Every structure is written in structure tokens, then in C-alpha cells.
Amino acid sequence: MRKIIVTGGNRLTGEISISGAKNAVLPILAATVIGANESTIFNVPELRDVEVMERILLSLGCNVKKMDKMIWVDSKPLNNHKIPEDLVREMRSSIILMGAMLSRCGEVIISYPGGCEIGPRPIDMHLKALRELGAEIEESHGFIYCKANELKGCEIQLDYPSVGATENIMLAAVKAKGTTVIRNAAREPEIIDLQSYLNKAGAKINGAGTSVIIIDGVDKLNNVTHNTMPDRIVAGTYMIASAITEGEVVVKNIIIDHLQAVIAKLREAGCLIYNDNNSLKIIGPKQINSIEMIQTLPYPGFPTDMQAQMMALLSIANGTSIISETVFENRFKHAEELTRMGANIKIFGKVAVIKGVKELTGAKTAAKDLRGGACLILAGLAARGVTEVENMYHIERGYENFHVELRELGADIKKID
Ligand code: EPU
């Protein structure tokens, strides 16, 4: 089993260039099946989740070629509408293929993704919306059978601005007859990137980034080239790596606006942050300040995907901080592991109370999910002594060469196979 060994205490300095966003490129790769066209996607991160999506596209019959940070997909030869169960199990977000495949073939069979490490994660909103667009959906024996002779544009009111449901509806509605309006849509930047890819291919979508998205159905999509947006969560994670080590790191190739909620909280924690075009310099303070309250929220609120990393930082603050996780049911598994490192954290349902300690001490820990794994590595950077983080595969789902990049910034870190 691969694990990370980190010896804490080194101050991180230098520059890091941020890769393309996992959560943008996954729905875009799903979207490549819609048009029986060719898509060339640049700035694609080398991650396990992206590999799984490539394998799904291949299993559906698409031609897929990968070169460095570029993926080319020709979806003309697509000849299968069943998404392999083992791959859905490996990557829950393969559920966004439902909308894309319905749009392409009027039919898709996918296994029920079920819950995951961060909570039960139902897909009721996805299914309700697809039914409203005209799909017939049957769920039996753990599979979802979707069929639609014709998808018809309609008005969809989401009960919650779900990122995945918003993407699934956009993908299903691209070629639907007439106009689809999504109200209370998710406003995440990754939705804007999906709109941008689809519109370059000839779709007519407006409003991504706001809570009302309007999709006018088109007959076909053309060949398209797209450059994936930078990963705001990877950027935020390196910002905390600098903050927690009293470091001075410049995070380059980012869209600063996407990081405003994280910047505000890091400033409250005492960091000095300077911006310059597409980069930010983060100078970590001698002593982290506690933060009265962080509430995770849909964008533009504080991202749930940064909650675990922030908890690592606040565990060595000079006082008590509160984190309220409002997006997911069960996203505090890292707290128990941080406690093994000497952190003082109490969980009350969806609220964590973090009483800052003077120092963390290295310990054997295990990543329970992707961001929780990143949190433990960050804690290890600041801890006295050696920290082991097991279950490296979680971290590889969302961070490209994490330990190599951290080592280049000065961390004492290695991966053991
Ligand atoms: N929800 C429902 N019913 C639905 C859909 C969602 O109850 O039909 C609930 C979820 O259970 C959750 C909340 O709504 O409690 C938000 O879920 P959302 O659908 O917005 O999340 P997602 O699309 O499943 C994406 C990211 C997550 C990120 C969330 C929130 C991808 C591939 N995943 O998930 O990323 O945390 O949005 O921003 O885009 C990660 O990268 O580590 C990660 C988990």
C-alpha cells in the first residue's frame, strides 16, 4: 500500500503552477460523448479520476488519445450505452454521464453510485430533473435504466444548487427540443467552464455562474478545442501549505476571483496575501489566529472541498475556531486522524470545535477521503517529527504529484510503495 512519509518543520518557499481542475475536466469529458464530434482538451491534470473517465469513454466505444496534458476524444464510434459498474464504483461522479448519454443515444444504463466516504450522497435531484426533461427512469437491482425518445426543454427548479445535478441537466438539455431553464442552479466556476466548452462546440447556453441557466437546444455539436480552468481547490491547498509552515509560496496560474472566500479566511488567520495578475503570494504568520466561524456553502461561499485543509491549519491556532459543514453529511473523518496528531477537536453533528494546540506531533494516520488526505499531509508539514499518511490512492484522485511538488517547495516528504 502506498503511503506518504512527511517530516514536519520545514518552511515552504518558492513557486507552484496550478494544474487544470479535476471537477471541471470530468463533466467536460462526459460532455464529449454528446456530439459525435472530436474534442481536444488541454490543461488536463494527470489524476486517477481522469483516468477512470478515460476508461469509461473507451468502454463506450470512443477513441481516446492522451498526450501530456492533452486529451483528444472522438465520440463518433460510440457503440455502447452501459457504463461499466466497476468504474462507476471507482468514481461516483460518473453519474454525470447520464445526461450526456441520454442526449447522445436516448438510452443509458448505469449502476447506482451509492454513498461514499463523505456521506450518503443521493441523486434524487438528478433523476427528478431528467424525468422532467422527458426521460423514463427505472431503478432496479442497483441499476438505473434511463430512456428518452425525445428530450424536451422545460423549467427546472432545483431544491438545492447541486453542482452535479446542474451539470447533468445542462448535458441532457444541450440537444433537447426547445428551451430549458434551470433555476437555483449551482454557481461554481466549473459550471462556467462546462458552458464555455459546450458553447465552443455550438451549444446555446447562457447564465452559467448565476443561479439561472438557460439552454436553447441545438441540433448538433461541432469539433471543439478547450483549455481547462485552473484547479481552485488545489490552489487553496498549496495556500494552506504555505500558511501552516510560516512559508512564503507564490501560487501561479490561478483565477484569483475563484479563491476569494479562501483568501478572506486565510487573512483572518493572519496570513499576508499579495496578488499579482494570475498569482498569489501567501506568507504564513508565526502564529495562526483562530477563526470564529467558517461555514461551508455553495459557491461563492467557503468551499466544502477546503474544509479539511482549513481544519489542519486551525488545529494550531491561538484559540478556538468553529467550522460548520453545511454541504455534506459526514465530512469530518479527518478530525479523528488529526486528533491522533495531538489536535483538540470535538465534533457535534455538522459542527467542529477546534481548540488550537501549541504543536502537532507526527503520527501514523490514514486518509479516509481525498481532501481529508490532503489535510493530513498539511498537518504533517507543521507537526514535530514524522507523520505517515496511508491510503495514498485517495489523494491521487485529486492531486497531481502532490509530494513531488511539496518537496520542490522545501518539504521533507516521500512516497513509499
Ligand atoms: N444532493 C442531494 N441530491 C442530489 C444531489 C446532491 O441531496 O440529487 C446533496 C449531496 O448529498 C450534498 C449536496 O447536495 O449533500 C451537494 O452536492 P453536489 O451535488 O453539489 O455535489 P457533487 O456534484 O456530488 C461536486 C464535486 C465535489 C464537491 C461538491 C460541492 C465533482 C466531481 N465533485 O460534487 O468535489 O465537494 O460538488 O462543491 O465536481 C472533491 O473534489 O473532493 C469533491 C467531493
Side-chain angles (χ1 to χ4, degrees), residues 19-31 45 47-50 52-53 56 88 90-99 112-132 137 139 144 156-171 182 184-194 211 228-229 231-237 258 261-262 295-309 325-334 350 367-375 394-400 402:
S19 51
K22 163 178 90 74
N23 290 348
V25 85
L26 291 176
I28 288 173
L29 286 174
L47 301 171
R48 208 161 60 88
D49 275 9
V50 175
V52 173
M53 188 57 96
I56 293 179
V88 178
E90 228 179 291
M91 189 183 60
R92 210 196 158 274
S93 51
S94 36
I95 204 73
I96 40 178
L97 277 151
M98 266 196 310
Y112 211 92
C116 71
E117 305 85 6
I118 58 179
R121 301 187 80 177
I123 53 164
D124 51 323
M125 282 189 271
H126 299 243
L127 300 183
K128 181 165 178 268
L130 293 176
R131 285 192 172 110
E132 284 169 359
I137 303 178
E139 297 164 73
I144 307 171
I156 296 171
Q157 174 75 39
L158 288 177
D159 290 336
Y160 181 88
S162 152
V163 175
T166 302
E167 290 165 349
N168 235 336
I169 300 166
M170 286 166 77
L171 298 177
I182 314 175
N184 197 23
R187 291 180 286 165
E188 270 66 4
E190 291 76 13
I191 309 270
I192 305 180
D193 213 35
L194 179 61
S211 51
T228 315
M229 63 171 265
D231 197 312
R232 62 196 169 97
I233 305 302
V234 170
T237 304
H258 295 171
V262 175
Q295 189 176 33
T296 66
L297 286 169
Y299 189 85
F302 189 88
T304 172
D305 292 344
M306 285 300 302
Q307 178 258 106
Q309 302 89 314
E325 170 60 63
T326 78
V327 179
F328 286 106
E329 290 286 326
N330 185 13
R331 210 175 190 180
F332 281 144
K333 289 195 176 147
H334 42 277
K350 287 171 131 190
K368 302 288 165 68
D369 63 75
L370 164 58
R371 309 301 169 189
C375 145
H394 281 303
I395 299 162
E396 289 168 345
R397 285 187 42 222
Y399 294 90
E400 205 179 57
F402 198 29

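First listed ligand is number 1; within each ligand, the first listed atom is number 1. Along the sequence shown, the residues carry numbers beginning at 1. This structure is a prediction, so every number in the text was calculated from the model and none was measured.
Here the protein heavy atom with the shortest distance to atom 43 (C) of ligand 1 is Asp305 OD1, 3.4 Å. Considering only non-hydrogen protein atoms, atom 1 (N) of ligand 1 sits nearest to Met125 CE, 3.8 Å. Ranking protein heavy atoms by distance to atom 30 (C) of ligand 1, first place goes to Thr304 CG2, 3.9 Å. Here the heavy atom of the protein found nearest to atom 32 (C) of ligand 1 is Asn23 OD1, 3.3 Å. Protein heavy atom at the shortest distance from atom 19 (O) of ligand 1 is Ser162 OG, 2.6 Å. For atom 21 (O) of ligand 1, the nearest protein heavy atom (residue, atom name, distance) is Phe328 CZ, 4.0 Å.
For atom 9 (C) of ligand 1, the nearest protein heavy atom is 4.0 Å or more away.
No side-chain donor-acceptor contact under 3.5 Å links Thr228 to the backbone of Gly20. Listed for the Gln307 side chain is a donor-acceptor partner under 3.5 Å among the backbone atoms of Arg331. A donor-acceptor contact shorter than 3.5 Å is absent between the side chain of Glu188 and the backbone of Ile191. Although no hydrogens or angles enter the test, the distance criterion places a donor-acceptor pair under 3.5 Å between the side chain of Asn184 and the main chain of Leu158.
When each atom of ligand 1 is checked for a heavy atom of Ile123 under 4.0 Å away, the hits are 4 (C), 8 (O). Taking every heavy atom of Leu370 and a limit of under 4.0 angstrom, the matching atoms of ligand 1 come to 42 (O).
Taking distance alone, with nitrogen or oxygen atoms compared against 3.5 Å, Asp124 approaches ligand 1 more closely than that limit. Note: an N/O pair closer than 3.5 Å links Val163 and ligand 1 by distance alone. Of the polar atoms of Pro161, none of the N or O atoms is found under 3.5 Å from an N or O of ligand 1, judged by distance alone. Taking any N or O of Gly164, backbone or side chain, at least one lies under 3.5 Å from an N or O belonging to ligand 1. Considering backbone and side-chain N/O of Val327, one or more are found under 3.5 Å from N/O of ligand 1. Annotation: Ser93 places no N or O atom under 3.5 Å from an N or O atom of ligand 1; distance criterion only. Among the atoms of Pro122, some N or O lies under 3.5 angstrom from an N or O of ligand 1. On a distance-only criterion, Glu329 and ligand 1 share no N/O pair closer than 3.5 Å. Residue-to-ligand polar distances place Arg121 within reach of ligand 1: an N/O pair is separated by less than 3.5 Å.
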Where do Leu130 and Ile169 land on the side-chain contact (heavy atoms from CB on, under 4.5 Å) test, with the steps shown first?
CA-CA 7 Å; Leu130 293 176; Ile169 300 166; 5.6 Å; no
Where do Leu297 and Val327 land on the side-chain contact (heavy atoms from CB on, under 4.5 Å) test, with the steps shown first?
CA-CA 6 Å; Leu297 286 169; Val327 179; 5.5 Å; no
For a side-chain contact (heavy atoms from CB on, under 4.5 Å) check, start with the C-alpha distance between Asn168 and Leu97, then their side-chain angles and the critical distance, and finish with the verdict.
CA-CA 7 Å; Asn168 235 336; Leu97 277 151; over 6 Å; no
Go through it in stages, so that I can follow the logic: the residues are Met125 and Tyr160, the test is side-chain contact (heavy atoms from CB on, under 4.5 Å), and I'd like the CA-CA distance, side-chain angles, deciding distance and then a yes or no.
CA-CA 8 Å; Met125 282 189 271; Tyr160 181 88; 3.7 Å; yes
As a quick check of understanding, evaluate side-chain hydrogen bond (donor to acceptor under 3.5 Å, both in side chains) for His394 and Asp369, giving each step before the final call.
CA-CA 5 Å; His394 281 303; Asp369 63 75; over 6 Å; no
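Contacts between Lys22 and ligand 1 below 4.0 angstrom, taking non-hydrogen atoms only, involve the side chain exclusively. Residue Tyr160 touches ligand 1 through its side chain alone, judged by heavy-atom distances below 4.0 Å.
Across the listed options Arg92, Arg371, Arg331, His394, Arg331 owns the non-hydrogen atom lying nearest to atom 44 (C) of ligand 1.
The two residues Pro300 and Ala261 come nearest to each other via the heavy atoms O-CB, 3.9 Å. Across every non-hydrogen atom of Ala24 and Met229, the tightest pair is CB-CG, 3.7 Å.
Within the structure, ligand 1 lacks Met53 among the residues with a heavy atom less than 4.0 angstrom away.
With sequence neighbours excluded, the residues satisfying side chain to side chain donor-acceptor pair (under 3.5 Å) with Thr237 are Gln309, Tyr399.
Side-chain atoms of Ser211 and Arg187 include no donor-acceptor pair closer than 3.5 Å.
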